[in-house]
Amino acid sequence: MKLVVTEKNDAAVKIADLLGATKPKADKVFNTPVYRFEVEGEEWVTIGLRGHILEPDFAPSLIYKKRGGWEGVTAEGEALPAAVPADLPKPPFKKKKPFTADGVDLKGWKMEALPYLVYAPIEKLPKEKDIIRSLKNLAKKADSIVIATDFDREGELIGSDALACCRQVNETAPVSRARYSAFTKPEITHAFANLVPMDDDLASAGASRQDIDLIWGAVLTRYLTLVKFAGYGNVRSSGRVQTPTLAIIVERERERMAFVPEDYWVIRGAFDAGAAAGPTAGDGPEAFEAPHATARFKVEAEADAAMAHVEGAVSAKVTAVEKKRRKVPAPVPFNTTSLMAAASAEGISPARCMRIAESLYMDGYISYPRVDNTVYPDSLDLAEVVNAIAGNPAYGPYCKELLAAGPLKATRGKTETTDHPPIYPTAKATPDDLSAADYKLYNLIARRFLATLSGPATVEGTKVTLDVAGEPFVAKGDVLAEPGFRAIYPYGLKKDEQLPAMAEGATIAFNGATCTKKQTEPPARYSQGKLVQEMEKLGLGTKSTRASIIERLYQVKYVQNDPIEPSQLGIAVIEALDKFAPHITHAEMTAELEHSMDRIAEGEVTKAEVVDKSRQLLSEQLESLMPHSEEVAEALSDAVAADAYVGPCPKCGKDLQLRASHKTKSMFIGCAGWPDCDVTYPLPKGKIEAVPEKCPTCGMPQVKVTAFRSKPRVQCIDPNCPTNQEPEVVVGKCPACAERGLDKQLIARRNPRTLKRSITCENFDECQTRYPLPQYGDIIPTEEVCEHCGAPMVVIKTARGPWKLCPNFDCPGKEEEEKAKGGARRGAKRK
DNA sequence: GCAAGGTC
């Protein structure tokens, strides 16, 4: 039997389909799907891994022996050579942690252990135990093994790990490597007819990346976390990719802080081409505004002079009319980065974009979403794809036009790789097939695909120069003359700015001018989409990891909001590392690593040499960091306090801070003077941010509250402040009391202690009737009563519009509603 | 309790 090992299940399916003389039979080994088929009478089986199946970790201890010096020990008790320098101080042999009698405990997070952790031996541990079990089971029976993982460095490493697992149970089966770069019959057939040996050097290059990432990440993360321990769950992480990424964000923030705004003045004139002289009503169809030809006056006196010149003028002369047509080229095919950037502009974060894309891919709606390629391969039948999605009525007519216009020709991007095709739709979907968010992304991908097959858009630009008492004004208008790809791809399209028709030499009405003082703006913060592009430019992360790395920065609270803003903690981490361990804060570390890996792959250096050199460098950086621990600790705790600060405590004057309750995992405001001062304030659900402005009514601090899917609102932290008082609203009669012949009122009110709002019976003690209410929105009673449970219906009026509901959570009507909704939408079904 | 890289 021939065993073929691929990187993912999908690849195992495709290879079986393409090579099998017989139709492959889907089977399972334990819980892992495998595919059996025959080639020239021989039995073949393909198995898909799940990416890396082994994971590096530190061996549990580092031992110093009086004879023989340092030794690493793996979990199995095998001695490993560790590149420990001879002059590394001997650990104090105490029976106390972190140093055990045997040596240094590498699993315990102790500051004193860090210099040893740098040199800790690393072993590879199983990560996907189920898959490894299935793989070994097949390998035992294999006569030969073909490693058919992806054709890149990580693929070689994944394959080499898989082979190591196979070798544990089968030492003799011959092994070869299939190298392919597309799932097409000719490509796969060729790869299996021309098998090559495994490239151990390339796999070593990948393994050195793993080791270096682990060592640097673990040492610096533990350092930052321990230097000012803030309780479990407060990890201050650092890594080869995330830290330089954070540094980019912090650098932009520094530029913004250092920015000195400059004043400038803008003059805008009001014109009306419908009349020969002003003043006119100025709101007719031919009225328009145009700025002075000097877009920005840097000197106020000059702006004043221009204003003085046009003062009293009632007409303007059209001195020039210029029309220019320009072509906007159709966009190029989507790869992962450009998809994330486009989705980010539509309000979908890169991480969310990739989660949705993964699920669309798994359900067969789009092609493989992790690609660098931006050129459709020749093997992709474009017309077939167009036909496949034409069933969506929103695309149908456009698809017809495209197909009727002759052979399809697609735009090409700059990156051409052969691993996967660019991202395109693979099946029709309509808003009824998908949840709203899934469809939004699908729609973007489908429309982008059609746009890449379309012609350019033609924009007609009109530039009209006007003269008002010797002062030049310039009116500009852009109109989409020929939509081209814009007919199907409206993303990022500017609205038409149509100027009224004007002839050169004509006189039109001038309705006066305004002069406005403005200030130059600092460079903008990065949006998540822009940051992904910047990371790609700097070689930070990969198509598969960038989104999750940005998400990680949010998770550890180094950054907040979108556009991305660093927290004080994020800034402090970068400042500390920049000062004492600058290597980790720069993208060059990755560039150097890439270079070293190329050399390992070429056989010029060994993995051990590269990793040892990196260890030495880390050791130096740690040595410069350790003596300044007090300074770093103080900077970090000051930053954390600054991030949490909301204002002064009214009782003791110390800082009021945002805090997380350990018990309920919710946020509240507490005094830094606790336990001496017991002042606390409750907070509503949602994201909370401190704002500098005090409450205009009572002078207490305020917070910005962003509840789920609603607009942010600023509110006073004091529940007793008049601004937080809501009138109690009588919404109707209590149905439970009515049943017992009592006439009791149901009242909507907010509990000042918990801030929760509910409808409660005035006779609650006896009848226990209470209905929960949404946190925000005005409550408006109605005369109606729920047909299912008899509770009074209420209308909630929010910014998103009013909606009527039965407040009873257990109302039998709710279940029916759920049933009616359920199943129709995939998104609802999934969660 | 760490990283970054695959993939679910």
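All values derive from a computational prediction rather than experimental measurement. The chains referred to below are lettered A, B, ... by the order of the sequence lines, with proteins before strands, and numbering in each begins at 1.
- Using a cutoff of 4.0 Å between basic side-chain nitrogens and carboxylate oxygens, A:E594 and A:R153 are scored as salt-bridged.
- Classified by interplanar angle (parallel below 30°, tilted 30° to 60°, perpendicular above 60°), the ring pair A:Y442/A:Y365 is perpendicular.
- The side chain of A:V241 has B:dG5 as its nearest neighbour among B:dG5, B:dC2, B:dG6.
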Which pairs of donor and acceptor atoms, one on a side chain in residues 195-204 of chain A, lie under 3.5 Å apart (sequence neighbours left out)?
from	atom 1	to	atom 2	distance (Å)
A:D199	OD1	A:D201	N	3.3
A:D199	OD1	A:L202	N	3.1
A:S204	OG	A:D200	O	3.1

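- Atoms CD (A:E551) and C1' (B:dG5) sit 16 Å apart, rounded to a whole Å.
- Among the atoms of the strands shown, only primed sugar atoms or phosphate atoms (P, OP1, OP2) are found under 4.0 Å from some heavy atom of A:G217.
- Heavy atoms of A:E55 sit under 4.0 angstrom from at least one base atom.
- At whole-Å resolution of the value, CG in A:L49 and P in B:dG6 are 15 Å apart.
- A:M535 has its CE atom 13 Å from the C1' atom of B:dG5, to the nearest Å.
- Geometrically, A:R179 does not engage A:F151 in a cation-pi contact defined by less than 6.0 Å to the ring centre and at most 45° from the axis.
- The nucleotide whose nearest atom lies closest to any side-chain atom of A:S237 is, among B:dA4, B:dC2, B:dT7, B:dC2.
- In this structure, A:D372 places its CG atom 9 Å from P of B:dG6, rounding to the nearest Å.
- In this structure, A:D150 reaches the sugar-phosphate backbone alone: every heavy-atom distance under 4.0 Å involves primed, P, OP1 or OP2 atoms, never a base.
- Contacts of A:R240 with the nucleic acid, taken as non-hydrogen atoms under 4.0 Å apart, involve only primed sugar atoms and P, OP1 or OP2.
- The aromatic ring of A:W109 is stacked on the base of B:dG1, with the two ring centres less than 5.5 Å apart and the planes inclined by under 30°.
- Heavy atoms of A:G541 sit under 4.0 angstrom from primed sugar atoms or phosphate atoms, though from no base atom.
- One finds a side-chain N or O of A:T542 lying less than 4.0 angstrom from the OP1 or OP2 phosphate oxygen of B:dG6.
- Separation of the A:Y361 and A:Y368 ring centroids falls under the 6.0 Å cut-off.
- Taking for each of A:D10 and A:D211 the nucleotide of DNA chain B with the nearest heavy atom, the 5'-most of the two is the partner of A:D211.
- The existence of a salt bridge linking A:D612 and A:R615 is confirmed by a sub-4.0 Å separation between a basic side-chain nitrogen and an acidic carboxylate oxygen.
- Contact annotation for A:D57: base contact, defined as any heavy-atom pair under 4.0 Å involving a base atom.
- The side chain of A:Y361 contributes no N or O atom lying less than 4.0 Å from OP1 or OP2 of B:dT7.
- Among the heavy atoms of the strands lying under 4.0 Å from A:R552 are primed sugar atoms or P, OP1, OP2 only; no base atom is included.
- Among the atoms of the strands shown, base atoms are found under 4.0 Å from some heavy atom of A:T225.
- The CZ atom of A:R546 sits 14 Å away from the C1' atom of B:dG6 (whole-angstrom rounding).
- Within the nucleic acid shown, A:T545 comes within 4.0 Å of at least one base atom, counting heavy atoms only.
- With sequence neighbours left out, A:Q555 forms a side-chain contact (heavy atoms from CB on, under 4.5 Å) with A:R552.
- Residue A:E358 is classed as a sugar-phosphate contact, given heavy-atom separations below 4.0 Å to backbone atoms only.
- Remark: P of B:dG6 and CZ of A:R370 are 9 Å apart, rounded to the nearest angstrom.
- Where A:F229 and A:K127 meet DNA chain B, the nucleotide closest to each residue was compared, and A:F229 sits on the side nearer the 5' end.
- Counting only heavy atoms from C-beta on, A:I158 has its side chain closest to B:dG6 among B:dG6, B:dC2, B:dT7.
- In this structure, CG of A:L224 is placed 14 Å from C1' of B:dG1, rounded to the nearest angstrom.
- The residue A:S544 sits close to a base: some heavy atom pair falls under 4.0 Å.
- As judged by a 4.0 angstrom heavy-atom cut-off over every strand, A:Q242 is placed among residues touching the sugar-phosphate backbone only.
- Going from atom NZ of A:K110 over to atom P of B:dG1 covers 15 Å, rounded to whole Å.
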